[in-house]
Amino acid sequence: MAMKLNALSLQCPKRNSFTRIAPPQVGRVRSKVSMASSTLHATPLVFEKLKSPQRPEVDELFNSLEGWARDNILVHLKSVENSWQPQDYLPDPTSDAFEDQVKEIRERAKDIPDDYYVVLVGDMITEEALPTYMSMLNRCDGIKDETGASPTAWATWTRAWTAEENRHGDLLNKYLYLSGRVDMRMVEKTIQYLIASGMDTKTENCPYMGFIYTSFQERATFISHANTAKIAQHYGDKNLAQVCGNIASDEKRHATAYTKIVEKLAEIDPDTTVIAFADMMRKKIQMPAHAMYDGSDDMLFKHFTAVAQQIGVYSAWDYCDIIDFLVDKWNVGKMRGLSDEGRKAQEYVCGLAAKIRRVEEKVQGKGKKAVLPVAFSWIFNRQIII
């Protein structure tokens, strides 16, 4: 690369303080969920290393990677003509057999327990908040889509990634609607609340942190959808298993692309990359739907994730496995020539998964927790014991 890269010169802005604008009921739950968490972690180290009002170095860096991204990242997209579409896995409304096909879905759905539907609904709602995720990427310096139709590789990726992801919510939403197992109006309210509330990923509009977040989050959603596929298969719904499995395959492909971007950043600028990685892990990776709310349950996301862990869809162990995977993939333990801050960040992230596992083992070793019946509006206020 012609440009000589210096970790201290690659700069991203410090986020300004802001006030959330939301409907009154959203504001109430946000004050309990996200706004409080936004003050938990100050990140002076990253801000000192990655800040500038002009940010020319960030734009220069990602402009220089334009050709690399076109050759190495856009290849992880599929053309529309070669992509599956939701209708491929749904009853054909033009067919005389449409009603019979719907009855088959409803018949298979009867054998699947409520806790599975709580998790499937939560996963679907997460997918449906896609406008928020696209806006997050388009705020990142150096990669944002300046016109809304920019031909750059970075903007092309964001739009095409969004288009591929859009099928996930469409398919799950229609499948759940036809199953007759969930209260679709409450599900739809939750989606509207979630999109209106937005999310704060703590990535500070910095592409380093943004791509670290998406690397982690896309791998997490791959694991979650893959496990919902396995459970559907267990209960005999092969069609639903295929639905979840196809979504999981997309997520894995997207995770590969995002992970490859950070791998390249680590190769070019290991110091800034490992510091940004440590910063994101200290703040903890917030899942995209952490502001989930249905109009009554202020702890809906916590309750949803508890059920997901309980039935083996996504757990603290998966979180640790992802950390280990990324540490290995980005060769964090082998990074050399780091600053003092970089070495501290390296030591932190390399030991983090083991530390979390020890804490989790101690918690589980204390014996049974108190059981709590929680009513979920998505399943007509039926209760799940968590």
Side-chain angles (χ1 to χ4, degrees), residues 22-23 25-26 29-30 33-34 83-90 105 109 116-138 158-201 213-214 217-218 220-229 232 240 243-251 253-255 286-297 300-305 307-308 313-314 376-380:
Q25 57 267 58
V26 174
V29 68
R30 299 292 285 141
V33 182
S34 289
S83 295
W84 60 264
Q85 297 299 332
Q87 187 54 52
D88 297 338
Y89 302 98
L90 295 167
I105 288 177
Y116 177 84
Y117 278 101
V118 166
V119 176
L120 194 62
V121 168
D123 283 353
M124 181 270 281
I125 289 168
T126 302
E127 297 286 350
E128 290 279 53
L130 191 58
T132 301
Y133 315 145
M134 184 179 187
S135 69
M136 184 272 283
L137 283 176
N138 276 338
T158 297
R159 292 194 305 271
W161 168 79
T162 302
E164 290 193 349
E165 290 277 334
N166 186 64
R167 299 168 305 149
H168 302 171
D170 283 353
L171 176 53
L172 289 175
N173 195 316
K174 290 172 184 174
Y175 201 96
L176 285 164
Y177 168 76
L178 293 174
S179 76
R181 287 292 304 271
V182 302
D183 186 336
M184 287 304 299
R185 191 174 194 282
M186 294 307 299
V187 170
E188 290 158 357
K189 280 179 62 178
T190 309
I191 294 168
Q192 185 174 352
Y193 272 119
L194 181 57
I195 295 175
S197 293
M199 67 175 185
D200 183 5
T201 58
Y213 177 86
T214 50
Q217 186 270 327
E218 290 288 271
T221 52
F222 153 62
I223 291 169
S224 180
H225 287 297
N227 285 329
T228 57
L240 181 55
V243 164
C244 297
N246 282 342
I247 294 172
S249 180
D250 275 0
E251 300 289 2
R253 180 162 46 84
H254 297 159
Q286 285 268 33
M287 288 297 104
H290 62 263
M292 191 181 282
Y293 182 59
D294 62 352
S296 59
D297 187 352
L300 182 57
F301 182 73
K302 181 178 180 180
H303 293 152
F304 153 64
T305 54
V307 177
V313 167
Y314 186 79
F376 285 89
S377 65
W378 305 334
I379 53 171
F380 303 97

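Residue numbers count from 1 along this sequence.
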S.K.: Grab the two heavy atoms, one from S179 and one from Y117, that are nearest each other, plus how far apart they are.
M.R.: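 Scanning both residues, the minimum pair turns out to be OG-CE2, 4.2 Å.
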S.K.: Carefully, step by step, assess T190 and M292 under the rule side chain to side chain contact (heavy atoms under 4.5 Å, CB included).
M.R.: CA-CA 7 Å; T190 309; M292 191 181 282; 3.7 Å; yes
S.K.: Hey, is the main chain of D297 close enough, under 3.5 Å, to the side chain of D294 for a donor-acceptor pair?
M.R.: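 Yes, because the side chain of D294 sits within donor-acceptor range (under 3.5 Å) of the backbone of D297.
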S.K.: Heavy-atom distance under 4.5 Å between the side chains of T214 and M136, does that happen here?
M.R.: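 Contact flag for T214/M136 side chains = yes.
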S.K.: Rounded to the nearest 0.5 Å, what's the gap from CG on L137 to CZ on R159? Could you check?
M.R.: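 So the gap between those two atoms works out to 12.5 Å.
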S.K.: Please answer whether the main-chain N or O of T132 pairs with a side-chain N or O of S135 as donor and acceptor at a distance below 3.5 Å.
M.R.: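 At least one qualifying donor-acceptor pair exists.
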S.K.: Please check this pair: side chain of S224 against backbone of A220, looking for a donor-acceptor N/O pair closer than 3.5 Å.
M.R.: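 Not at all, since once roles are kept as given, no pair shorter than 3.5 Å links the two residues.
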S.K.: Considering only heavy atoms from C-beta outward, does the side chain of Y293 approach that of S197 to under 4.5 Å?
M.R.: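 Not in contact.
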S.K.: Ignoring hydrogens, what is the shortest heavy-atom contact between W84 and L171? Give both atom names and the distance.
M.R.: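 Shortest heavy-atom contact: CZ3-CD2, 3.6 Å.
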S.K.: Mind listing the closest non-hydrogen atom pair of F301 and A289 along with its distance?
M.R.: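 Distance-wise, the nearest heavy atoms are CD1-O, 3.2 Å.
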S.K.: In Å and rounded to the nearest 0.5 Å, what is the OH to CZ distance from Y314 to F222?
M.R.: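 These two atoms lie 12.5 Å from each other.
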S.K.: Could you tell me if the side chain of M287 sits less than 4.5 Å from the side chain of T305, heavy atoms only?
M.R.: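 They are not in side-chain contact.
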S.K.: Restricting to pairs with a member in residues 177-198, which pass salt bridge (Lys or Arg N to Asp or Glu O under 4.0 Å), not counting sequence neighbours?
M.R.: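 Applying salt bridge (Lys or Arg N to Asp or Glu O under 4.0 Å) to every pair that reaches into residues 177-198, excluding sequence neighbours, yields D114-R181.
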S.K.: Are side-chain heavy atoms of V313 and L120 found at a separation under 4.5 Å?
M.R.: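 No, side chains not in contact.
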S.K.: Counting only N and O atoms by type, is there a donor-acceptor contact under 3.5 Å from the side chain of D88 to the main-chain atoms of Q85?
M.R.: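 Here the side-chain-to-backbone pair exists.
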S.K.: Give the C-alpha distance, both sets of side-chain angles, the deciding distance and a yes or no for side chain to side chain contact (heavy atoms under 4.5 Å, CB included) between I247 and L172.
M.R.: CA-CA 9 Å; I247 294 172; L172 289 175; 3.7 Å; yes
S.K.: With a 4.5 Å heavy-atom cut-off, do E251 and I223 have their side chains touching?
M.R.: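 No, every pair of side-chain atoms sits at 4.5 Å or beyond.
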S.K.: For the atom pair CG (L130) and CD1 (I195), what is the distance rounded to the nearest 0.5 Å?
M.R.: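 If I round to the nearest 0.5 Å, the distance is 8.5 Å.
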S.K.: Are M124 and I191 packed together at the side-chain level, in the sense that at least one heavy-atom pair is separated by less than 4.5 angstrom?
M.R.: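 Result yes, sub-4.5 Å side-chain heavy-atom pair found.
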S.K.: Does the pair E127 and H225 meet the rule for a side chain to side chain contact (heavy atoms under 4.5 Å, CB included), with working shown?
M.R.: CA-CA 11 Å; E127 297 286 350; H225 287 297; 2.8 Å; yes
S.K.: Start with the C-alpha gap between M199 and H290, add the side-chain angles, then the distance that decides, and say whether side chain to side chain contact (heavy atoms under 4.5 Å, CB included) holds.
M.R.: CA-CA 7 Å; M199 67 175 185; H290 62 263; 3.7 Å; yes
S.K.: Looking at CD1 of I379 and OH of Y116, how far apart are the two atoms once the value is rounded to the nearest 0.5 Å?
M.R.: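 Here the rounded value is 14.0 Å.
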S.K.: In chain order, what residues pass the side chain to side chain donor-acceptor pair (under 3.5 Å) check against T126, with sequence neighbours excluded?
M.R.: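 In terms of side chain to side chain donor-acceptor pair (under 3.5 Å), with neighbours along the sequence ignored, T126 is linked to no residue.
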S.K.: I'd like to check the side chain to side chain donor-acceptor pair (under 3.5 Å) partners of N173; sequence neighbours left out, ordered by chain and number.
M.R.: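 Partners of N173 under the side chain to side chain donor-acceptor pair (under 3.5 Å) test: E128.
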S.K.: Just to verify, what does T228 make a side chain to side chain donor-acceptor pair (under 3.5 Å) with, not counting sequence neighbours?
M.R.: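 Partners of T228 by the side chain to side chain donor-acceptor pair (under 3.5 Å) criterion come out as none, since no residue qualifies.
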S.K.: Just how far is it from atom CE of M134 to atom CD of E165, taken to the nearest 0.5 Å?
M.R.: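 Rounded to the nearest 0.5 Å, the CE-CD separation comes to 12.0 Å.
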S.K.: So M186 and F376, do their side chains get closer than 4.5 Å, heavy atoms only?
M.R.: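 No, every pair of side-chain atoms sits at 4.5 Å or beyond.
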S.K.: Write down the atom of W378, the atom of V118, and the distance for their closest heavy-atom approach.
M.R.: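 In terms of heavy atoms, the two residues are closest at CZ3-O, 3.4 Å.
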S.K.: Would you say P131 and T162 make side-chain contact, with heavy atoms under 4.5 Å?
M.R.: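 P131 does not reach T162 side chain to side chain.
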S.K.: Between Q217 and H254, is there a side-chain donor-acceptor contact under 3.5 Å, judged purely by atom types and distance?
M.R.: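 No.
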S.K.: How far apart are the closest heavy atoms of E218 and W161, and which atoms are they?
M.R.: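 Minimum heavy-atom contact is OE1-NE1, 3.2 Å.
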S.K.: Could you report the tightest heavy-atom contact between A129 and L194, atom names first, then the distance?
M.R.: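 Smallest interatomic distance, heavy atoms only, reads CB-CD2, 3.6 Å.
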S.K.: Output all residues satisfying side chain to side chain donor-acceptor pair (under 3.5 Å) with Y177, sequence neighbours left out; order by chain, then residue number.
M.R.: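 Once residues adjacent in sequence are excluded, Y177 has no partner under the side chain to side chain donor-acceptor pair (under 3.5 Å) criterion.
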S.K.: For E164, give me all partners under salt bridge (charged side-chain N to carboxylate O under 4.0 Å, His left out), at least two apart in sequence or on another chain.
M.R.: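 Partners of E164 under the salt bridge (charged side-chain N to carboxylate O under 4.0 Å, His left out) test: R253.
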